[in-house]
Amino acid sequence: MADLVQLLVSGCATGAVYALAAMGFVLLWQTSGTINFAQGEFVMLPAFAMLAGLALGLPLPLAFLASLVVAALVLGAAFKRVVVDPLVRAGVLPLVVATLGLSLAAKHAVRVGFSAEAQPFPQIFPEGVWNVLGVRVSAADVGTLLVAGALLAALHLFITRTLFGRSMQACAQNPDAARVLGIDVAGMILATFVINALLAACAALLVTPVWFARFDMGEAIGLKAFFAAIIGGFNQMRGALLGGILLGVLENLAAAYLSAQYKDGVALALFVLVILFRPEGLLGRAEERKV
Amino acid sequence: MSLGLTRAQWLAVLAVLVALALLPLGLKRFGIYMLSLWCVFVVAGHGLNLTMGYAGQISLGHAAFFGIGAYASALLVQAGWSFWLALPAAGAICVAAGLVVGFPALRVQHHYLAFATLGFNVLAWLFFRNEEWLTGGNFGVRNITRPALFGRSLDGDLAFFYACLALMAAASYATAWLLATPWGRAFAALRDNPIRAESLGIDIRAYTLAAFALGALYAGVAGAFFAPLVGYIDPSPFHLTHSLAFMMAIIVGGAGRFFGPFLGIAVLILLPEWLRGISGGALTRIAQEWYLVGFGVLVMAMVVWCPGGLLGLAGRLRRRA
């Protein structure tokens, strides 16, 4: 029983990080119809930006802030301007291919330019294990869960309660109507790209101390984020959250009780079940087929 | 069948084939090996070009089909089968796998399909790595023997190159023939507008499944040749990253163009080896290290500025001249 609780807590912590990456993914899809296959690299690059900052002698908080700025500019604004804008009218597939190219280029640029080896990353939470009513939970898991939870809650409040966030939602639901109402649609879309980049940088801060910084770390995170988003429902932010947590927890349980070797297959199994029986995702709405 | 080629064009094709057959005579062992590899990958590339370029079904699991074909033929040959029986068996297994993977394509499209095929690749790779009793896990299958044909051993590098070249020629002819039949037209209709195709009486379910099964068949046959060519297989060449590379090679060459795979695969695997072969000044070393970065950027540039791939670019330049 104690083991189970421990598995649940660490599963939720991992899942919350998946959810952070998946959330940005869903945001991009909602407002601009962009499928970003380089989402994993959007987590990997800030991790290396932070390492570069640390190497320059910055303390971690400053390095993190610097990486947020760089991420917002490069992975948010420049990505939208250079890659997405010319392609967004051409449909979904060209963007998929272009972001795959981006992911390949980013990965190998880091491999050649930085290092092919895993780089250690400073711990952001105190090491140690707490004993709560006989259940052992690690401080890092609880810390990750709290930070990711706070970020997701803040994002939710921002989108549902502020004028800015509501305008973003309006653009996602009906860009023409939003434009008629005087909303700066292009600006709102840019904002979602920046938010996506910021979320990915936060995910990098949470996940890199555990996984280490490696040029190909984005592959696993990107995949899990995609699957989390689809399992939960591609057009629902709550869906990304549910999908991420569900995935993190089930992976942990499967690794402990079924087979550690097929842990990575859990996401797939869930995904296949979802697209066979509920293609719109657990919380999603069906999208109509357009001619 | 003329396949719409004039007599002069047929002669040109023949001349290229003869040139390809003579080329290895001036090459060392490694050069012959790379050319054989190119032939094998072009066959797999034709398959992906059919599924994705012509029928418009995005497939990010091509390396998995390739791997299934390679493992199936290697294991059957090791179990005592003749290669020439193992080859169709590997193809049949891949067709079955292609139908299974194509099934979700009937329910979902576009990005969902990308994820479904990508997931299939991850699963197949986990299977190759974890099921040691069958695949040898990370140790792989060693000492895969090359077959003999009509009593002549294909063990030599040159002999096996000719086998690969013959395979490529046969697969290319089959592709050209298929594209000239109503099937080929129906695939294009499926890609361009599935709903319209359906209203014209094309059974889009059957054609979607056929597109996947055919693509898988090509990949499986290519994989069956890949195993004896390299002599040793482990899970690494069948990883998801190689499926993505396959797809990008098709895009770079020109998706939905017959000669696209020839060019795209050459850019993907021959060009970096050629760069390595040039005895290196600092510049070639840099070019070689940054090759994959450049390839990724090239893919992006292609989609943004030139969706027809390098072949489309060549056509555009010719028209302008």
Side-chain angles (χ1 to χ4, degrees), chain A residues 29 33-35 37-38 41 82-87 90-113 216 219-220 223 226-227 229-230 234 259-265 267-272 274-277 279-281 287 289-291, chain B residues 52 56-58 60 103-105 107-116 118-123 125-127 129-132 137 191 193-196 199 239-241 243-245 247-248 250-252 255 286 288-305 307:
Chain A
W29 170 250
T34 305
I35 309 275
F37 260 80
E41 279 62 41
V82 178
V83 181
V84 177
D85 281 350
L87 284 176
V92 175
L93 283 194
L95 260 176
V96 167
V97 177
T99 51
L100 278 173
L102 176 65
S103 135
L104 184 77
K107 238 179 350 209
H108 289 278
V110 167
R111 178 179 62 86
V112 182
D216 57 358
E219 283 174 18
L223 271 182
F226 300 143
F227 285 131
I230 293 181
F234 218 66
S259 150
Q261 290 177 316
Y262 279 102
K263 174 176 174 244
D264 292 332
L268 261 42
L270 265 182
F271 165 73
V272 169
V274 164
I275 60 168
L276 285 181
F277 296 108
E280 66 274 22
E287 283 175 42
R289 198 164 71 147
K290 295 190 187 104
V291 179
Chain B
M52 194 180 73
Q57 307 296 313
I58 191 163
L60 299 180
F103 187 70
R107 299 206 32 117
V108 294
Q109 275 289 319
H110 297 320
H111 50 289
Y112 283 86
L113 187 55
F115 293 119
L118 179 154
F120 164 70
N121 204 133
V122 174
L123 201 61
W125 189 82
L126 284 175
F127 183 87
R129 195 194 63 188
N130 293 339
E131 299 304 314
E132 289 181 6
R191 171 193 63 196
N193 193 335
I195 296 176
R196 182 142 182 265
S199 67
H239 190 255
L240 172 64
T241 46
S243 283
L244 303 183
M247 191 209 60
M248 292 190 230
I250 299 300
I251 301 282
V252 164
I286 291 171
Q288 191 190 312
E289 278 184 338
W290 290 86
Y291 190 78
L292 281 172
V293 182
F295 189 73
V297 173
L298 180 67
V299 170
M300 272 194 287
M302 281 289 147
V303 206
V304 175
W305 288 299

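Within every chain, numbering begins at 1; the chains are lettered A, B, ... in the order of the sequence lines, protein sequences first and strands thereafter.
- In this structure, the side chains of A/L268 and B/V122 come closer than 4.5 Å at one or more pairs of heavy atoms.
- Both the backbone and the side chain of A/L102 come within less than 4.5 Å of a heavy atom in chain B.
- Remark: A/H108 NE2 to B/W290 CH2 distance equals 11.5 Å, nearest 0.5 Å.
- With A/V97 as the fixed residue, the side-chain contact (heavy atoms from CB on, under 4.5 Å) test singles out one of B/M247, B/M302, B/M52: B/M247.
- Contacts between B/L298 and chain A at a heavy-atom distance below 4.5 Å are absent for every atom of the residue.
- Summarising the geometry, atom CD1 belonging to A/I230 is positioned 4.5 Å from atom CZ belonging to B/F115; distances are rounded to the nearest 0.5 Å.
- Contact of B/Y291 with chain A is not made at all, since no heavy-atom distance falls under 4.5 Å.
- With a 4.5 Å cut-off on non-hydrogen atoms, B/L126 touches chain A through its backbone and its side chain both.
- With values rounded to the nearest 0.5 angstrom, B/E131 atom CD is found 3.5 Å from A/Y262 atom OH.
- Residue B/V303 touches chain A through both its backbone and its side chain, counting heavy-atom pairs closer than 4.5 Å.
- To the nearest 0.5 angstrom, A/K107 atom NZ is 6.5 Å from B/T241 atom OG1.
- Contact annotation for B/L244: only side-chain heavy atoms (C-beta onward) come within less than 4.5 Å of a heavy atom of chain A.
- A/F271 has its ring centre no less than 6.0 Å from the ring centre of B/F120.
- Of the residues considered (A/A106, A/A109, A/G265, A/P94), A/A109 shows the highest number of contacts with chain B, using heavy-atom pairs under 4.5 Å.
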Candidate pair B/L240 and A/L223, rule side chain to side chain contact (heavy atoms under 4.5 Å, CB included), full reasoning: CA-CA 11 Å; B/L240 172 64; A/L223 271 182; 4.1 Å; yes
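- Nearest heavy-atom pair across B/V304 and A/P86 is CG1-CB, 3.7 Å.
- Atom CE in B/M248 sits 5.0 Å away from atom CG in A/L100 (nearest 0.5 Å).
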Side chain to side chain contact (heavy atoms under 4.5 Å, CB included) assessment of A/F37 paired with B/L60: CA-CA 12 Å; A/F37 260 80; B/L60 299 180; 3.9 Å; yes
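- In this structure, B/M300 CE and A/L87 CG are separated by 10.5 Å, a value rounded to the nearest 0.5 Å.
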